[in-house]
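Below you'll find the structure, written out as structure tokens, and then a few comments.
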Amino acid sequence: MGSKVSKQVQKRKAVSSEKKTLCNLQESCGESFPGCDYRSPDRKTWMAGLNPEKLRINQIVWPGTHDSATNKIGIPFISRPFAQCQSLSIYHQLIRGTRVLDIRVQEDRRVCHGFLVTYSVDVVIKDIKKFLSETESEIIILEIRTEFGHQDPPDFEKYLEEQLGDFLIHQDDHVFEKRISEILPKRIICVWKPRKSPQPKAGGPLWSAGYLKDNWIDTDLPSTKFENNLKHLGDQQPVTSRKLFYRVENTVTPQADNPVLCVKPVTGRIHGYAKLFITQCVARGIADRLQIFSTDFIDEEFVDACVGFTHARVEGKA
């Protein structure tokens, strides 16, 4: 018993120390980067606001959400706090400015997070279609994967093709260099990541797993995650040189050896440092590698940071 108490004391000290490290870095370095003062006239149509005739796919810093469809997962006040990573519906995330969605499914096409489940993926598709019907130039990256420990939904590739149809941007390495205006009226880059089923075929309407990569660091320590994100990002090629999407997640994850197991207070340890991360990317000479930037509980400030830096790239200031 004594050793367990001692371990918890050490854990809390480590968390406190790492939170202080990030706070000190923020105070000493600030949060100024090219485009940090830019605000889109309308977050719902921020890509249109940056001019589809100028904006290239590989210039975009894509605001993304982690475990996007967990706003109603589990049982409210009982199991939900342990798995909920977003409070908004998919539609309202897109309205807020989100452009990368991370959807996990199980065998029956219901969205899940571990063993907790929520609504059918049909709800996700419906929200996406509603958003697309209300906008003209917004491109979405939709990542759908079979959750760990689950089987692939039967005939799911066919289902996605039937549901998203003419919106799908076909798998093509040349897409990365294209302007949005050259891709329209296609609107969705859909990355399907099955566990056992065959990967989508080259040139088809769906993109295979290798086109969206990340380095997942499973920790609840905010400075550890922050620095590892920078390290792994620095190992990537510049966005103009690679033919895949690379994601950085500004999140930390509850750990079984810590008494705090609810998502929101844990991920809150790093949530407010998104602008600092971009600032550090610039300071360390790796800002040209930043591409997909995702978060839990997405807010306007996070979206504005991504859009602002995208604007600076378009204007040749970053």
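Since we're looking at a predicted model, the values are computed, not measured. Scope of the values below: all heavy atoms of this structure, side chains included, with no hydrogens, waters or symmetry mates.
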How long is the gap from CD on E143 to CG on L212, to the nearest 0.5 Å? 5.0 Å

Among all residues two or more places apart in sequence or in another chain, which pass the ring pair (Phe, Tyr, Trp, His ring centres under 6.0 Å) test with F309? none

Run the salt-bridge test on E249 and R247 with the 4.0 Å N-O cut-off and return the result as yes or no. yes

Any chance you could measure R269, atom CZ, to S223, atom OG, to the nearest 0.5 Å? 13.0 Å

Row check, Y91 ring normal vs K130 NZ/CZ: under 6.0 Å, within 45°: yes

Nearest 0.5 Å, please: how far is CG in L101 from CG in L94? 5.0 Å

L25 backbone acceptor or donor facing S28 side chain under 3.5 Å: yes

Is the terminal nitrogen or CZ of R56 (NZ for Lys, CZ for Arg) located under 6.0 angstrom from the six-membered ring centre of F176 and within 45° of that ring's axis? no

To the nearest 0.5 Å, how far apart are CZ in F297 and CZ in F302? 14.0 Å

Do D172 and H174 meet the criterion of a side-chain donor-acceptor pair at a distance under 3.5 Å? yes

Regarding K213 and the six-membered ring of W207, is the cationic atom NZ or CZ under 6.0 Å from the ring centre and inside 45° of its axis? no

Is it true that E18 and T224 share a donor-acceptor pair across their side chains at a distance under 3.5 Å? yes

Kindly write out the residues that satisfy side chain to side chain donor-acceptor pair (under 3.5 Å) with K126, not counting sequence neighbours, or none if the list is empty. none

Which one of T70, V111, V124 satisfies the side-chain contact (heavy atoms from CB on, under 4.5 Å) criterion with T118? V111

In terms of hydrophobic clustering (I, L, V, M, F, W, Y; side-chain heavy atoms under 4.5 Å; direct or indirect links), are I95 and L132 co-clustered? yes

Let's go through Q84 and D67 carefully: what are the C-alpha distance in whole Å and the side-chain angles of both, what is the deciding distance for side-chain hydrogen bond (donor to acceptor under 3.5 Å, both in side chains) to 0.1 Å, and is it a yes or a no? CA-CA 8 Å; Q84 185 184 40; D67 262 312; over 6 Å; no

For T45, which residues count as a side-chain contact (heavy atoms from CB on, under 4.5 Å) partner, sequence neighbours excluded? D42, A48, T135, E138

Residues W216, H66; criterion ring-ring contact (aromatic ring centres under 6.0 Å, His included); working and verdict: CA-CA 12 Å; W216 175 248; H66 167 241; 5.7 Å; yes

Can you tell me if Q151 uses its side chain to pair, donor with acceptor, with the backbone of E107 under 3.5 Å? no

Scan side-chain atoms only and decide if Q93 and T65 contain a donor-acceptor pair under the 3.5 Å cut-off. yes

My understanding is that only residues two or more places apart in sequence, or in another chain, count here; which of them pass side-chain contact (heavy atoms from CB on, under 4.5 Å) with S120? D122

Between the side chains of N58 and T240, does any donor sit under 3.5 Å from an acceptor? no

So T253 and V266, side-chain contact (heavy atoms from CB on, under 4.5 Å) or not? Walk me through it. CA-CA 7 Å; T253 310; V266 173; 6.0 Å; no

Lys/Arg-Asp/Glu bridge criterion (N-O < 4.0 Å) met for D102, R104: yes

Residues 70-84 vs salt bridge (charged side-chain N to carboxylate O under 4.0 Å, His left out), sequence neighbours excluded, gives none

Closer than 3.5 angstrom, by distance alone: can the side chain of N250 be matched with the main-chain N or O of I270 as a donor-acceptor pair? yes

Within a 6.0 Å radius of atom NE2 on H92, are there more than 12 heavy atoms belonging to other residues, nucleotides or ligands? no

Q291 side chain to V239 backbone, donor-acceptor under 3.5 Å: no

Sequence-distant partners of E162, side-chain contact (heavy atoms from CB on, under 4.5 Å), two or more places apart: K158

Under 3.5 Å donor-acceptor, R99 side chain and I140 backbone: no

Please work out which of the three classes, parallel, tilted or perpendicular, describes the rings of F277 and F226, given edges at 30° and 60°. perpendicular

D155 meets the side chain to side chain donor-acceptor pair (under 3.5 Å) criterion, sequence neighbours left out, with none

Enumerate donor-acceptor pairs with a distance under 3.5 Å from any side-chain N or O in residues 310-318 to protein atoms, sequence neighbours excluded.
{"from": "T310", "atom 1": "OG1", "to": "V61", "atom 2": "N", "distance (Å)": "2.8"}
{"from": "T310", "atom 1": "OG1", "to": "C306", "atom 2": "O", "distance (Å)": "2.8"}
{"from": "R313", "atom 1": "NH1", "to": "Q59", "atom 2": "O", "distance (Å)": "3.2"}
{"from": "R313", "atom 1": "NH1", "to": "L290", "atom 2": "O", "distance (Å)": "3.1"}
{"from": "R313", "atom 1": "NH2", "to": "A287", "atom 2": "O", "distance (Å)": "2.7"}
{"from": "R313", "atom 1": "NH2", "to": "L290", "atom 2": "O", "distance (Å)": "2.8"}
{"from": "E315", "atom 1": "OE2", "to": "K54", "atom 2": "NZ", "distance (Å)": "3.4"}

Taking T295's backbone N and O only, do any of them form a donor-acceptor pair with T251's side chain (distance below 3.5 Å, no angle check)? no

Atom CG of residue position D37 - does it have more than 12 heavy atoms of other residues, nucleotides or ligands inside 6.0 Å? no

Taking K129 for its side chain and Q163 for its backbone only, find out whether a donor-acceptor pair lies under 3.5 Å. yes

So, does Q199 use its side chain to make a donor-acceptor pair with the main chain of A209 at under 3.5 Å? yes

Hydrophobic clusters here meaning ILVMFWY residues chained together by side-chain heavy-atom distances under 4.5 Å, can you tell me if L88 and I125 are in one? no

Show me the pairs that pass ring pair (Phe, Tyr, Trp, His ring centres under 6.0 Å) and involve residues 96-155, at least two apart or across chains. none

Any donor-acceptor pair under 3.5 Å from S17 side chain to K13 backbone: no

Check: Q86 side chain, N71 main-chain N or O, donor-acceptor pair, under 3.5 Å: no

Rounding to 0.5 Å, atoms CG (D257) and CD (Q10) come to a distance of 11.0 Å

Taking atom CD1 of I183 and atom OG of S137, what is their separation to the nearest 0.5 Å? 11.5 Å

Would you list the pairs meeting ring pair (Phe, Tyr, Trp, His ring centres under 6.0 Å) in which at least one residue belongs to residues 16-36, sequence neighbours left out? none

Mind running ring-ring contact (aromatic ring centres under 6.0 Å, His included) on F156 and W192 for me, showing each step along the way? CA-CA 9 Å; F156 197 64; W192 164 227; 4.8 Å; yes

State which residues pass side-chain contact (heavy atoms from CB on, under 4.5 Å) with P259; sequence neighbours excluded, sorted by chain then number. Q8, R12

Criterion side-chain contact (heavy atoms from CB on, under 4.5 Å) against I169, the qualifying member of I139, L184, I188: I139

Answer yes or no: are there more than 12 heavy-atom neighbours, outside K19 itself, under 6.0 Å from its atom NZ? no

Stepwise side-chain contact (heavy atoms from CB on, under 4.5 Å) check, L206 with Q171: CA-CA 6 Å; L206 304 181; Q171 186 183 137; over 6 Å; no

Without hydrogens or angle criteria, can the side chains of E227 and N229 be said to hold a donor-acceptor pair below 3.5 Å? no

Which residue pairs satisfy the salt bridge (charged side-chain N to carboxylate O under 4.0 Å, His left out) criterion with at least one member in residues 293-309, sequence neighbours excluded? R39-D304, R43-D304, R96-E300, K275-E301

